[in-house]
Structure formats: C-alpha cells, structure tokens
Amino acid sequence: MTGLNILYVEDDVRLAEEVSRMMAAEGNRLSWTASGEEGLKRAAAEPFDVVILDRMLPDLSGIEIVARLRDSGVAAPVLMLSALGRAENRIEGLDAGVDDYMAKPFDPPELIARVRALHRRAAGMAHSAVILFGDFECHVKARTAHRQGRHIPLSPKEFKLFRYFMENAGEVVTREMLLRNVWNLSFDPQTNVIDVSVGRLRRKLEEGFETPALETIWGTGYRLVAA
C-alpha cells in the first residue's frame, strides 16, 4: 500500500493521530481534517486514492458527505468508520455510496488491509471505463447507466447494483453474492432490502422499453439479460 494519497475526516484528535502514524508507517500520505465541510471540499477538489470518513461529525454527517460526493461524480473509494455498527447502520451507509464500513473500535491492521483492498479494487477497474452488454452501458468513472443510448438516472446504491450486474452480465447472481459484493455484508440481515433494491432497479431499466432487463431465477437470484 505504498504511496497512497489518503484523506481522513475525523473529529477525534487522538484517534486521528493514531491512524496518521499508522498510515505514515506504511509509506502513505494522509491529509487529516476534523471538519466535515472541509473534508467535503477537499474530497471534491483533490484526487485522493481513498477517503476514510467518520460517520458522526459535529458539522456535517458522513452520510451526507458521501451522498453529496457521489451526486457530484466523485468516485474515490470511501471507507466509513462509525460507532454505529448494526446492520441497518451499515446498510444506510452503503446505500449512500460508501464502499466499505467498519465499526469502532477497530483493529488497526484490519483498517490497513481494507484501505489496501479498496485501492486495489478501484485500480483494477480503472481500465474498464465503460462496460457494455447488449443494449446496456455502464460508465464506471462517470457512474452513469444507459440503455439504447438513453441515460437512466440511478441512486448511488442502484448504480453499484447495476455495475455488479454488468460485471456479471448473463450469469446468475445470487443473493449471497449481492450481500457480499454490493452491501459488503457477510451475513443476511433478514430484511427484504435486496428484493426492494433489485425491484427498483428493474423498473428503471425496463421503463419505456419492450424487452426485460433483469430475470428472476426463483430460489437462486437474478440475471441481467441482453435484448
């Protein structure tokens, strides 16, 4: 993880100092701010490799920051840290556009490993600026979806879901795969969040078109189909 340019938004000074030392020891450049507003401005203006974001800040919540970043087209991977570690808290963060979520207190080596994994994932997709399948287009950097050349407006979570279907186009995607790779959960929260999200995405992809987009494989999962 040598040489990463990391933005850290955290109002806990002692924790920020600990993380800063840890990242510096790995050879990374870490910029720290305790202000949510300042963090939002810097993340939108500078090309950071990874953003580490506290959820509860005194002036602006981490959820609002990441949602505004995604709305403005900033695609830098975001790792959210929070004392709120229940399944619904994680889902809310991931739905807002967070790429990974860690509950406090956390194990420092795990934080380093997750930052490394986020950067590796983002770097690995850099060459695939556009993913094509049938009449669908997924513009990775712009975070936009198109069908037959028509732009389909998606929320950050819907785009992440669409992108995953595009990366596995034509293949059956199970609920377990979606939980692990889109919601970053290793367990089933026993909610209908997947069914609701897939249903919402299906309606957007199929509205105004004669052919289906997503096929339900009963008892297994879903499959993106070409026209």
Side-chain angles (χ1 to χ4, degrees), residues 43-44 47 51 63-78 80 90-101 118-185 188-189 191-227:
V51 176
I63 294 292
E64 184 175 356
I65 291 173
V66 74
R68 287 168 63 177
L69 287 175
R70 297 314 187 213
D71 287 344
S72 64
V74 175
V78 175
M80 178 166 282
R90 295 173 184 267
I91 290 171
E92 183 183 11
L94 295 166
D95 280 344
V98 170
D99 298 278
D100 199 359
Y101 194 109
L118 279 180
H119 175 64
R120 189 166 58 241
R121 188 188 313 164
M125 289 304 299
H127 66 282
S128 301
V130 180
I131 305 173
L132 304 175
F133 176 71
D135 56 3
F136 295 104
E137 298 178 21
C138 176
H139 294 246
V140 175
K141 291 186 178 180
R143 301 177 71 87
T144 57
H146 303 262
R147 185 173 186 183
Q148 294 182 8
R150 184 193 307 174
H151 174 250
I152 302 172
L154 301 177
S155 70
K157 176 55 68 177
E158 289 166 353
F159 176 78
K160 190 170 184 179
L161 185 59
F162 172 67
R163 174 175 167 177
Y164 189 73
F165 276 121
M166 287 290 284
E167 291 171 349
N168 296 274
E171 302 294 331
V172 176
V173 174
T174 66
R175 289 174 55 88
E176 291 74 18
M177 292 167 66
L178 293 175
L179 280 171
R180 184 172 60 252
N181 296 287
V182 178
W183 276 267
N184 287 25
L185 295 175
D188 191 338
T191 69
N192 65 344
V193 62
I194 290 181
D195 303 308
V196 171
S197 298
V198 171
R200 189 181 300 120
L201 176 63
R202 188 202 307 267
R203 288 192 294 273
K204 290 189 176 184
L205 294 180
E206 296 181 353
E207 185 177 4
F209 298 96
E210 297 181 355
T211 54
L214 283 168
E215 176 185 9
T216 298
I217 311 298
W218 294 107
T220 304
Y222 309 91
R223 177 167 52 202
L224 184 68
V225 295

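Just so it is clear, the structure is predicted and the values come from calculations on it, not from any experiment.
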Fill in: Gap separating the CD1 atom of Ile152 from the CZ atom of Arg203, nearest 0.5 angstrom
14.0 Å
Worksheet item: Using a distance-only test with no angle check, is there a side-chain donor-acceptor pair under 3.5 angstrom linking Asp195 and Tyr222?
Response: yes
Item to complete: Would you mind reporting whether Leu224 and Asn168 have side-chain heavy atoms less than 4.5 Å apart?
Response: no
Fill in: Reported CZ-to-CD1 distance for the pair Arg163 and Ile131, which is rounded to 0.5 angstrom
6.0 Å
Item to complete: Looking only at non-hydrogen atoms, find the nearest pair between Met166 and Phe133 and report the distance.
Response: CE-N, 3.7 Å
Worksheet item: Are Phe162 and Phe136 close enough, and set up right, to give a side chain to side chain contact (heavy atoms under 4.5 Å, CB included), and what steps lead you there?
Response: CA-CA 10 Å; Phe162 172 67; Phe136 295 104; 4.2 Å; yes
Item to complete: List the steps and the verdict of side chain to side chain contact (heavy atoms under 4.5 Å, CB included) for Glu92 and Val98.
Response: CA-CA 9 Å; Glu92 183 183 11; Val98 170; over 6 Å; no
Worksheet entry | Candidate pair Leu201 and Phe159, rule side chain to side chain contact (heavy atoms under 4.5 Å, CB included), full reasoning | CA-CA 9 Å; Leu201 176 63; Phe159 176 78; over 6 Å; no
Worksheet item: Shortest non-hydrogen contact from Ala44 to Leu69?
Response: N-CD2, 4.0 Å
Fill in: Donor-acceptor contact below 3.5 Å, side chain Asp135 vs main chain Arg147
no
Worksheet item: Is a donor on one side and an acceptor on the other found under 3.5 Å between the side chain of Arg70 and the backbone of Val74?
Response: yes
Worksheet item: Is the backbone of Val182 close enough, under 3.5 Å, to the side chain of Lys157 for a donor and an acceptor to pair up by distance?
Response: yes
Worksheet entry | Glu176/Arg180 ion pair, N-O < 4.0 Å | no
Response to the item:
Leu214 and Glu206 have their tightest heavy-atom pair at N-OE2, 3.4 Å
Worksheet item: How far apart are the closest heavy atoms of His146 and His151, and which atoms are they?
Response: ND1-CA, 3.5 Å
Worksheet entry | Closest non-hydrogen atom pair between Leu154 and Ala145, with its separation | CD1-CB, 3.6 Å
Worksheet item: Please walk me through it: do Leu178 and Val198 pass side chain to side chain contact (heavy atoms under 4.5 Å, CB included)?
Response: CA-CA 10 Å; Leu178 293 175; Val198 171; 4.3 Å; yes
Item to complete: Quick one: pull up OG1 in Thr220 and CZ in Arg175 and give me the separation to the nearest 0.5 Å.
Response: 11.5 Å
Discussion item. So which atom in Gly97 and which in Pro156 form the shortest heavy-atom distance, rounded to 0.1 Å?
Written reply: CA-CB, 3.9 Å
Worksheet item: Are Arg200 and Ser155 linked by a side-chain donor-acceptor pair shorter than 3.5 Å?
Response: no
Item to complete: Measure the spacing between OG1 of Thr216 and CZ of Arg202 and express it to the nearest 0.5 Å.
Response: 3.5 Å
